[in-house]
Number of protein chains: 2
Amino acid sequence: MPSQTSAVLGALDPTSDRAVFRQIADQLREAIDKGRFKEGDKLPSETELVEHYGVSRMTVRNSLSVLQGEGLVVSEHGKGVFVRPRPPVRRLASDRFARRHRQQGKAAFTVEAEAAGSRPEVDSLEVKEERPSQDIATRLGGPRKVLARRRRYLLDGRPVEFAVSYIPLDLASGTPIAEPNPGPGGIYARLEELGHHLDHFDEEIRARMPSPQEIRTLRLAAGVPVIHLIRTAYDSEGRAVEVCDTVMAADAYVLSYQLPAT
Amino acid sequence: MPSQTSAVLGALDPTSDRAVFRQIADQLREAIDKGRFKEGDKLPSETELVEHYGVSRMTVRNSLSVLQGEGLVVSEHGKGVFVRPRPPVRRLASDRFARRHRQQGKAAFTVEAEAAGSRPEVDSLEVKEERPSQDIATRLGGPRKVLARRRRYLLDGRPVEFAVSYIPLDLASGTPIAEPNPGPGGIYARLEELGHHLDHFDEEIRARMPSPQEIRTLRLAAGVPVIHLIRTAYDSEGRAVEVCDTVMAADAYVLSYQLPAT
DNA sequence: GACGCCTACTCGTCTATACGAGTAGGCGTC
DNA sequence: GACGCCTACTCGTATAGACGAGTAGGCGTC
């Protein structure tokens, strides 16, 4: 029903000093916001928009690229431009590293995902010794070498998170922490078994646009930022025992913290 | 020295199947990453890039728009395209609402900004009674009317944050909370004076691309996401006494939380 | 010197056209 | 029915050209 375009979209205002491609983008955005195009709906094709507005195709494409940059739509080569579906979000509670969870012995990601009815996967395992970057070394108190554990998390086949844990090599070497699978409860459980009683975590949160590498790894659509979280774990002696550097697809997460008011 | 372009940028690979505009974007990105173009530097003009690569101007513009979308560069009409300077970041510690800070009587934003050597400003004051949105009402336990306090925060003249506090009207009405200036220590201090002893805060954090309205309010450059933080304050009886909905320019903030491991 | 114009350069917008490549469905052949 | 081709439609990439508008500096006039 291509002729329905005119039922949803209005006309341009030739007296406006607002650029034509912005006017078109505005109309499409409004139509999406008001639900006249719903999640997953196909927008009118470029050709239809060209005919509807009487402008050239490059102008229409310019409009659509504005909406892509805002993360409102995604284009699929050969198929069309679609209103971007909002993926269900995964909530990360601030007590997700509480000892009581650790003692249950299952990985937090797996438990939470299954509770939410999603199929969790962990891949791209890489565990190796490295020389830490300046930043990581500083956070860990200056070790010369660290064990780096890299993994990627997927939900229902969609990559949502990429994480690297760095542990000072003198803590990790020869322990289950250096194994691809560190066992139930993860490396925090192993650290505590090794006598490093965990005291607290520091988390730093930034948001930014992804690098091309991150776009590939997380298969990000245009206009989706990432949340960059750097967590440092401290034991009861105040020593930093682990730094975890995590990049998350921002459209898949809500972080949740509870803070005392005292 | 326009001829320096060829000293920094290489040639295209005609055998590559990577699109020409992507190859150009890659080369510019690499040059920026490696510091051959530094923060604030002007990139070669579109015309220079056209001559250097032997492509059409639209192709060059396409490359530059890729970098703009990544937030790496900003263009200034009539002047050129510049490597985007990274503004100094403002750190928000998770103890910023601790009672001891509140009792000192100065607004947290002002104190922190001056400590960091920046000039803080708060503007766009609006305090009025409203019917809450569905979401806000739910978070506050369903009041029919709320007091909404809107303000915008600036650092050295640059808007960095827009915040709206919602307080159930039956708590705020006729108190200093309903005044444009609620007095030392802010509304949290007033709430405690009114017998609402604060117990804890919940914070929800999302990251996303800004709406056109947010781009205007925060004067955001292309490719800068926002951090959306929703804080709910609870008193010792478990009642939600305030919801603060905050939108921050992501390039200006690092959020910092400390979590117990217990 | 102060002012204003003029010019050269910058990016912004828009048109018109061409071809490439991915998708989906029809339709005929086997 | 299964397969493969063909076609029509989609978006992706690139060219060439035109005009508009903001910026900054030179330069002449006053």
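Owing to the predicted nature of the structure, the values given are computational and were not obtained by experimental measurement. In what follows, every heavy atom counts, from backbone to side chain, and hydrogens, waters and symmetry copies are set aside. Just so we're on the same page: letters track the sequence lines, and every chain starts at 1.
Residues satisfying the salt bridge (charged side-chain N to carboxylate O under 4.0 Å, His left out) test with B:Glu70, not counting sequence neighbours, are B:Arg29. By the salt bridge (charged side-chain N to carboxylate O under 4.0 Å, His left out) test, A:Glu39 is found to be paired with no residue, residues two or more places apart in sequence or in another chain being considered. Qualifying side-chain contact (heavy atoms from CB on, under 4.5 Å) partners for A:His228, counting only residues two or more places apart in sequence or in other chains: A:Arg206, A:Arg208, A:Ile230, A:Asp245, A:Val247. Scored by the side-chain contact (heavy atoms from CB on, under 4.5 Å) test, A:Arg22 finds A:Arg18, A:Ala19 as partners (sequence neighbours excluded). Residues forming a side-chain contact (heavy atoms from CB on, under 4.5 Å) with A:Asp17 (at least two apart in sequence, or on another chain): none.
In summary, contact between chain A and DNA chain C, defined as any nucleotide atom under 4.0 Å from a heavy atom of the protein, begins and ends at C:dT13 to C:dA24 in the 5' to 3' direction.
With hydrogens and angles ignored, the 3.5 Å screen pairs a side-chain donor or acceptor of B:Lys38 with a backbone N or O of B:Gly35. Under a 3.5 Å cut-off, the side chain of A:Glu214 and the backbone N or O of A:Ser211 do form a donor-acceptor pair. With hydrogens and angles disregarded, a donor-acceptor distance shorter than 3.5 Å links the side chain of B:Ser65 to the backbone of B:Asn62. At distances below 3.5 Å, not a single donor-acceptor pair connects side-chain atoms of A:His52 with backbone N or O atoms of A:Thr47. A side-chain donor-acceptor contact under 3.5 Å links B:Thr138 to the backbone of B:Gln134. B:Thr217 places a side-chain N or O within donor-acceptor distance of the main-chain N or O of B:Gln213, the cut-off being under 3.5 Å.
Note: B:Tyr153 and B:Phe109 have tilted aromatic rings, judged against thresholds of 30 and 60 degrees for the angle between ring planes.
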Using a 3.5 Å cut-off and no angle test, enumerate the donor-acceptor pairs between side-chain atoms of residues 85-92 of chain A and protein atoms at least two apart in sequence or in another chain.
unit_1, atom_1, unit_2, atom_2, d
A:Arg90, NE, A:Tyr253, OH, 3.0
A:Arg90, NH1, A:Glu112, OE1, 3.0
A:Arg91, NH1, B:Glu204, OE2, 3.2

Would you tabulate the side-chain donor-acceptor contacts of residues 218-227 of chain B under 3.5 Å, counting partners in other chains and residues two or more places apart, or write 'none'?
unit_1, atom_1, unit_2, atom_2, d
B:Arg219, NH2, B:Gly157, O, 3.1

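Less than 4.0 Å separates DNA chain C from at least one heavy atom of each of the following residues of residues 55-67 of chain B: B:Arg57, B:Met58, B:Arg61. The stretch residues 16-28 of chain B touches DNA chain D through B:Ala19, B:Val20, B:Phe21, B:Arg22, each having a heavy atom within less than 4.0 Å of the strand. Contacts with DNA chain C (heavy atom under 4.0 Å) in residues 70-79 of chain A: A:His77, A:Gly78, A:Lys79, listed by number.
The line from CD1 of A:Ile32 to CG of A:Asp41 is 9.5 Å long, rounded to the nearest 0.5 Å.
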Symbol by symbol from the 5' end, with Watson-Crick or G-U pairs under 3.5 Å, [ ] crossing and | another strand, DNA chain D is ||||||||||||||||||||||||||||||
